[in-house]
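Comments concern the structure below.
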Amino acid sequence: MTAKQQPAMILVRPQMGENIGGAARAMWNFGLDRMRIVAPRDGWPNQKAVAMASGAGRLLDEAQLHDDLDAAIADCNYVFATTARHRGLTKPVYSPERAMEKAREMIAEGQKVAVLFGPERAGLENDDVARANAIISVPVNPEFASLNLAQCVLLTSYEWQRQTAEVVAERMEMAKTEFAEGIEVTKLGDHFEERLEEAGFFFPDHKADSMKLNLRNMWSRMGLTKADVQTLHGVLRQMVRWKERGD
């Protein structure tokens with residue numbers, strides 16, 4: 001899938017330039033750059049939008065401007081409408097994740113897909129939603145269901161990114177080190193046992209084996225790095241030096 005194969009994000013009658021700029025930033029965060037704007041309240045171009053867009057100003061320069069929604073979706077094969085309210089319309093309702101999965105499938109087949117976002121005050125009107133093929137409903141707090149325009153665009157754009165790029169669910173950021181090898185962890189355990197034995201830690205004798213076992217198990221659970229091992233060896237050596245100076 002090429003960079004141009006992506007859904008168009010359509011802002012319907014947006015009211016504040018800052019939110020248009022914020023939506024542009026949200027889109028570009030996740031590699032989307034096809035913005036369409038329908039009848040912006042404060043006219044176009046809008047300097048407040050440009051200021052808020054920051055590094056995503058190119059999206060505003062290239063955004064399509066339309067007088068009405070019909071013109072904005074004229075070339076689209078499938079349109080999603082984002083809304084948090086029940087509309088009394090019979091339509092399929094998708095989560096953002098499933099909607100973008102479906103969008104990816106349709107775009108891969110050569111279809112043009114768009115997502116509608118309503119104005120800040122009250123969202124899309126029923127007449128707008130009626131023109132869409134399906135609804136995207138975000139599972140928000142029902143007692144406070146309103147999403148900022150840019151937030152809604154961000155959420156949808158993120159789900160698009162998840163469907164079209166490899167997202168690593170978890171990773172470890174290594175700071176100029178690497179994980180310790182088994183032999184290094186074993187030697188650290190030996191060092192601790194030696195020093196703790198000298199300190200009389202393993203008492204009473206009949207509990208010594210289980211105490212040592214617990215320590216070994218603890219080291220194996222910790223996922224120690226080479227730097228961690230070196231630091232702990234250093235702690236033990238310094239404690240011995242401190243004790244010797246005290247004598």
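Since the model is a prediction, treat every value here as computed from it, not as a measurement.
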*4.5 Å side-chain heavy-atom contact, Met100 and Ile136*: yes
_Check: Asn46 and Pro40 side chains under 4.5 Å, non-hydrogen atoms_ = no
*asked:* With a 3.5 Å distance limit and no angle check, can you tell me whether Asp33 reaches the backbone of Leu59 through a side-chain donor-acceptor pair?
replied: no
*asked:* Looking at every non-hydrogen atom in both residues, tell me the closest pair between Glu178 and Met174 and how far apart they are.
replied: CA-CE, 3.4 Å
_Validation row: Thr156, Leu32 side chains within 4.5 angstrom (heavy atoms)_ = no
*Side-chain heavy atoms of Glu97 within contact of Gln163, under 4.5 Å*: yes
*asked:* Whether the side chain of Arg216 engages the backbone of Thr186 through a donor-acceptor N/O pair (distance < 3.5 Å, no angle test) should be reported.
replied: yes
*asked:* Cation-pi check for Phe80 against Lys102: NZ or CZ below 6.0 Å from the six-membered ring centre and within 45 degrees of the axis, yes or no?
replied: no
Distance-only donor-acceptor pairs under 3.5 Å for side chains of residues 225-236, two or more places apart:
residue, atom, partner, partner atom, Å
Thr225, OG1, Ala227, N, 3.4
Thr225, OG1, Asp228, N, 3.0
Thr225, OG1, Asp228, OD1, 3.4
Thr225, OG1, Asp228, OD2, 3.0
Lys226, NZ, Glu184, OE1, 3.0
Lys226, NZ, Glu184, OE2, 2.9
Asp228, OD2, Thr225, N, 2.9
Thr231, OG1, Ala227, O, 2.9
His233, ND1, His191, ND1, 2.7

*Only counting residues at least two apart or in another chain, list the ones meeting salt bridge (charged side-chain N to carboxylate O under 4.0 Å, His left out) with Arg121.*
none
*Who are the side chain to side chain contact (heavy atoms under 4.5 Å, CB included) partners of Ala26, not counting sequence neighbours?*
Val153, Leu154
*Can you name the side chain to side chain donor-acceptor pair (under 3.5 Å) partners of Asp42, sequence neighbours left out?*
none
_Any salt bridge linking Asp190 with Lys212? Criterion: basic side-chain nitrogen under 4.0 Å from a carboxylate oxygen._
no
*Looking only at non-hydrogen atoms, find the nearest pair between Ser137 and Val93 and report the distance.*
CB-CG1, 3.6 Å
Show me the side-chain donor-acceptor pairs of residues 16-24 shorter than 3.5 Å, one per line, residues at least two apart or across chains.
residue, atom, partner, partner atom, Å
Asn19, OD1, Asn148, ND2, 3.2
Asn19, ND2, Glu120, OE2, 2.8

*Where do Pro7 and Val115 come nearest, in terms of heavy atoms and distance?*
CB-CG2, 4.5 Å
*side chain to side chain contact (heavy atoms under 4.5 Å, CB included) partners of Asp70, counting only residues at least two apart*: Asp68, Arg131
*What distance separates Leu60 CG from Ile37 CD1, expressed to the nearest 0.5 Å?*
6.5 Å
